[in-house]
There are 2 protein chains.
Amino acid sequence: MVSIHQRIFEDIETRIMTGVWQPGHRIPFEHELVQEYRCSRMTVNKALSALAERGMITRRRKVGSFVASRQIDRTVMDIQDISTEAELAGHDHGYRILRRRIETLDGATAAQLGETTGSDILRLHCLHTVDGKPNALERRIIMLAMVPSARTESFASVPPGKWLLDMVPWSKARHVIRAVSADAATARLLETERGKACLTLIRQTWQGSRTVTHVEIIHPGDRFQFAGDFHPTERGIPDQPPRRSSF
Amino acid sequence: MVSIHQRIFEDIETRIMTGVWQPGHRIPFEHELVQEYRCSRMTVNKALSALAERGMITRRRKVGSFVASRQIDRTVMDIQDISTEAELAGHDHGYRILRRRIETLDGATAAQLGETTGSDILRLHCLHTVDGKPNALERRIIMLAMVPSARTESFASVPPGKWLLDMVPWSKARHVIRAVSADAATARLLETERGKACLTLIRQTWQGSRTVTHVEIIHPGDRFQFAGDFHPTERGIPDQPPRRSSF
DNA sequence: GATCCGCTTTTGTCTATACAAATAGATACA
DNA sequence: TGTATCTATTTGTATAGACAAAAGCGGATC
């Protein structure tokens with residue numbers, strides 16, 4: 001039914017989780033576990049390596065394996081493309097391009113992105129609706145040097161987030177979540193009041209050391225939240241990842 | 001220098017990341033990679049298993065291994081205890097208990113927590129300061145059945161978040177991030193204006209199926225943000241996890 | 001006391017082999 | 001035509017054995 005290395009993994013994991021083995025506790029040596037479970041060392045090793053890869057234990061040659069200090073809290077947030085997410089949840093998603101302009105990167109924006117001034121960029125503003133109600137305002141910058149085909153793309157039928165995702169691989173992403181008060185223009189577009197709390201997600205993706213895109217997504221605070229679960233128990237990535245929040 | 005299974009892992013990962021192998025592409029069979037790298041199947045298997053565990057490929061017997069559909073975005077946020085985080089960043093952290101009361105769980109709150117009414121709880125309100133300025137308002141509920149020793153703890157010298165972390169193991173945590181406008185009382189405590197956007201983190205932790213604690217941390221929006229990086233490249237959990245945001 | 005050397009223990013990696021489980025595709029059959 | 005069965009292929013798991021790398025420890029030497 002369950003494999004041996006999996007059983008070893010779970011046995012140890014349980015003892016760590018329930019606090020039977022406190023941080024710093026030395027886990028039995030591989031040869032001890034071999035005796036206990038009557039299996040080969042490779043099998044034990046597979047289980048312990050997996051625990052180490054997870055950060056639940058740390059291992060040192062000649063010394064042994066130890067329960068790692070408590071992972072205070074580490075939560076995995078799935079942040080998805082807004083149209084994909086809305087469709088998955090059975091909602092109707094729409095969007096409208098408010099602005100689409102090719103510009104050259106000015107000093108202030110360049111500094112913000114950590115890029116050099118003067119590059120060609122595509123600046124996109126976009127309003128997303130879910131079931132007819134304004135749900136997000138998207139302000140995006142695309143580096144045209146990295147994504148030349150964006151220069152001629154109208155984004156009339158595929159929203160920019162989705163288009164980029166399919167188009168351009170990336171190697172690094174950074175997210176920032178903050179709360180801001182809506183200014184007049186934002187409030188009008190999102191059909192909320194001026195000064196209202198909005199949840200803003202900023203994302204910048206890179207390929208190597210060069211920015212691909214930078215996007216700021218502004219949600220009305222009363223209609224939106226991010227959520228994430230953390231189960232120290234979970235192994236690997238489930239086939240059907242739990243649906244969490246989106247942007 | 002680098003082990004063979006690691007080299008195989010990285011070679012394949014690179015091809016996926018850079019888009020040379022698109023989602024759906026079939027990865028060479030194990031026996032093909034064995035020939036290519038002139039190593040044993042176990043070594044190849046270790047690399048491919050790791051890729052599968054990471055969700056970068058999916059594997060099916062008799063069929064083969066395939067590049068998984070793009071992981072749209074999954075970001076890991078380290079959410080730490082506020083005092084620990086402040087100290088790490090070299091700031092001065094202080095706090096003050098505003099309220100500490102033992103109550104019985106009323107209907108509305110019980111529903112919110114997904115617990116049954118009538119249990120004994122400890123309700124704590126707490127104001128955190130960083131370098132003397134109000135930085136967060138903490139509203140916490142502790143289930144006394146799960147943490148009996150909280151009944152007599154004053155929390156005068158150890159902030160409740162830290163105390164609980166050291167005291168009680170947990171098996172599941174859930175986080176919600178939202179933006180809210182400050183009401184009058186909150187604004188006064190945080191020394192900001194009424195209606196100002198605030199970033200709120202809600203966290204509930206369970207042990208098994210029973211709630212341990214529920215906490216709501218309200219930050220002034222202009223002084224706070226969450227941030228998280230995601231590198232598809234990163235293997236495992238680094239020894240010194242990068243410091244990210246806190247609560 | 002300080003430094004270097006070699007011994008020993010533990011983990012890390014690799015191999016060659018074996019059998020089990022899943023399953024796509026072919027074949028036989030009703 | 002549809003269904004059951006067989007077969008070949010691929011991945012999943014496990015084993016026993018081997019050597020390498022890291023590192024604590026004690027002893028020899030200066």
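Naming: A, B, ... by sequence-line order, numbering from 1 per chain. This one's a predicted model, so the numbers in the text were calculated from it and none came from an experiment.
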Please report, rounded to the nearest Å, how far the P atom of C:dT11 is from the NE2 atom of B:His5. 17 Å
Is B:Arg59 paired with B:Glu53 through a side-chain N to carboxylate O contact shorter than 4.0 Å? no
OP1 or OP2 of C:dG12 sitting under 4.0 Å from any side-chain N/O of A:Arg60? no
Of the nucleotides C:dG12, C:dC14, D:dG24, which has the atom closest to the A:Glu30 side chain? C:dG12
To the nearest angstrom, the NZ-C1' distance between A:Lys62 and C:dG6 comes to 12 Å
From NE2 of B:His31 across to P of C:dT15 the rounded distance in Å is 17 Å
When the distance from CD1 of B:Ile8 to C1' of C:dT13 is rounded to whole Å, what number comes out? 12 Å
Using the closest heavy atom to pick a nucleotide of DNA chain C for each, name whichever of A:Ser65 or A:Met42 lands nearer the 5' end. A:Ser65
Backbone N or O of A:Glu10 within a donor-acceptor pair of the A:Thr14 side chain at under 3.5 Å? yes
Under the 3.5 angstrom rule, does the side chain of A:His214 hit a backbone N or O of A:Thr205 as a donor-acceptor pair? no
Check this for me: does the side-chain of A:Arg61 come within 3.5 Å of the base of C:dT10 through a donor and an acceptor? no
Round to a whole Å and report the spacing from CD of B:Gln35 to P of D:dT10. 12 Å
Between A:Val63 and A:Ile4, name the one whose nearest nucleotide on DNA chain D is closer to the 5' end. A:Ile4
Indicate, with a heavy-atom threshold strictly under 4.0 Å, whether A:Leu48 touches base, sugar-phosphate, or nothing. nothing
Under 4.0 Å between a side-chain N/O of B:Thr43 and OP1 or OP2 of C:dT15, yes or no? yes
Looking only at D:dA23, D:dA14, C:dG12, the nucleotide nearest the A:Arg59 side chain is C:dG12
So, A:Gln204 and A:Thr211: side-chain donor and acceptor under 3.5 Å apart, yes or no? yes
Take atom CG of B:Asn45 and atom P of D:dT15, then tell me their distance rounded to the nearest Å. 15 Å
Provide, to the nearest angstrom, the distance between the CD atom belonging to B:Gln6 and the C1' atom belonging to C:dC14. 14 Å
Classify the side chain of B:Arg41 versus the base of D:dT13 as yes if they form a donor-acceptor pair under 3.5 Å and no if they do not. yes
Whole-Å distance, B:Lys46 NZ to D:dT13 P, equals 14 Å
Pairing donors with acceptors under 3.5 angstrom, does anything connect the side chains of A:Arg140 and A:Thr213? yes
